[in-house]
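Written out below as C-alpha cells is the structure these notes cover.
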Amino acid sequence: VLSCLLDNHGCEVKAVAALRDGGVVTGGADNLLRVFPVDGLGAGAHPRVFAGHTSKSGVSGINALLVAHDGALLSGGKDGTIITWDMATGEPEVVLKGHGDSRGLTATNSQVVSCLADAGEGRLVSGGWDATARIWQRGGGGAGGGTSSPHAVLSGHTAAVLAVAVAEGLIVITGGG
C-alpha cells in the first residue's frame, strides 16, 4: 500500500531514509537532498533542499543516506564526499573525503561513495567504487567543508563495495560486485 508520493526531485531518487521525527529525506541524481517534514508528506509537498554534493568526473548523485543512532543525517555521493548535515541550517557541518585515493582501486570514478553504515560511538563505515570500505570518526574534519582521513581502510574486494553493515563489536560486513 502506497502511503504517499514524493515527486519533487525531477530526477532519479537514489537514496531514501526515515528521520527520527517521522519525516523523510531523499537523495537524488541532481546532488540534492530533499527533507520532507512529517506534516509535509504527500502531493504538493514543499521540502527543504540541502545542497553540498557536486558533479565530479562526469558523474553526479547521492547514493547513500544514513540517519545515525544519535539522529545525525549523513549522505554519500558520487563526488567522493560524505557529508554530515546541520539540520537547522541545511548546510554541510562536516565533509569527509578519501575514497579513490591511492589505497583504492585505480578505476574511472573510483571516488564514488556507494553506501554508509553507523558503527556507533561516533564512527561511520563507508563503501566505495574503489573496492574499499573505510572506517571514519564522524567528528573529524572541519565545519562547512573540512576534510578528514579515514581511521582505517579495509581492502580485499576486487570490485566496488556496494553494501556495508556493522555487527556488535565493530565487525564490518561488506558486499560488492
Side-chain angles (χ1 to χ4, degrees), residues 14-17 19-20 25-35 49-157 160-166 170-176:
K14 299 286 193 173
V16 63
L19 298 170
R20 294 173 113 189
V25 60
T26 59
D30 57 3
N31 285 324
L32 299 174
L33 276 74
R34 286 177 171 75
V35 179
V49 177
F50 292 11
H53 289 279
T54 60
S55 295
K56 184 172 180 182
S57 301
V59 296
S60 61
I62 296 167
N63 287 340
L65 291 171
L66 172 68
V67 177
H69 291 95
D70 63 4
L73 174 62
L74 295 93
S75 60
K78 288 186 176 180
D79 60 357
T81 64
I82 300 165
I83 298 176
T84 301
W85 295 92
D86 182 320
M87 291 297 289
T89 66
E91 296 294 322
E93 206 168 54
V94 175
V95 179
L96 303 173
K97 299 177 186 177
H99 280 283
D101 67 11
S102 62
R103 293 173 285 187
L105 180 69
T106 303
T108 303
N109 300 321
S110 64
Q111 80 280 348
V112 172
V113 176
S114 56
C115 50
L116 301 171
D118 190 339
E121 297 180 18
R123 294 176 299 215
L124 165 73
V125 178
S126 63
W129 286 10
D130 61 356
T132 68
R134 294 165 188 250
I135 301 173
W136 308 82
Q137 190 64 41
R138 277 196 12 233
T147 61
S148 176
S149 298
H151 175 71
V153 178
L154 310 175
S155 58
H157 282 268
V161 175
L162 302 173
V164 292
V166 180
L170 195 59
I171 297 171
V172 177
I173 305 158
T174 63

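Everything numeric here is computed off the predicted structure, so don't read it as measured data. Position 1 is the first residue of the sequence, and the numbers go up from there.
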With a 4.5 Å limit on heavy-atom distance, are the side chains of [X] and [Y] in contact?
| X | Y | result |
| --- | --- | --- |
| V166 | D118 | no |
| T26 | R34 | yes |
| L96 | L74 | no |
| K56 | T81 | no |
| V67 | R20 | yes |
| R123 | Q137 | yes |
| E121 | L170 | no |
| W129 | V161 | no |

Can you tell me if [X] uses its side chain to pair, donor with acceptor, with the backbone of [Y] under 3.5 Å?
| X | Y | answer |
| --- | --- | --- |
| E91 | W85 | no |
| N63 | V113 | yes |
| D79 | S55 | no |

Smallest separation among heavy atoms of [X] and [Y], with atom names:
| X | Y | value |
| --- | --- | --- |
| W136 | S126 | NE1-OG, 2.8 Å |
| R138 | A68 | NH1-CB, 3.4 Å |
| V153 | R134 | CG2-NH1, 3.7 Å |
| N31 | G61 | OD1-N, 2.7 Å |
| A133 | V164 | CB-CG1, 4.4 Å |
| P92 | G52 | CG-CA, 4.2 Å |

- Message: Please evaluate residues S60 and H53 with respect to the criterion side chain to side chain donor-acceptor pair (under 3.5 Å), reporting the C-alpha separation (whole Å), side-chain torsions for both, the decisive distance (0.1 Å), and the verdict.
- Response: CA-CA 8 Å; S60 61; H53 289 279; over 6 Å; no

- Query: How many angstroms lie between NZ in K97 and CD1 in I83, if you round to the nearest 0.5 Å?
  - Reply: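 Atom-to-atom, K97:NZ and I83:CD1 are 9.0 Å apart.
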
- Message: Under the criterion side chain to side chain contact (heavy atoms under 4.5 Å, CB included), I'd like the reasoning laid out for I62 against K14: C-alpha separation, chi angles, the key distance, then a yes or no.
- Response: CA-CA 6 Å; I62 296 167; K14 299 286 193 173; 5.6 Å; no

- For M87 and L19, run side chain to side chain contact (heavy atoms under 4.5 Å, CB included): C-alpha distance rounded to whole Å, both residues' side-chain angles, the deciding distance at 0.1 Å, then the answer. CA-CA 11 Å; M87 291 297 289; L19 298 170; 4.2 Å; yes

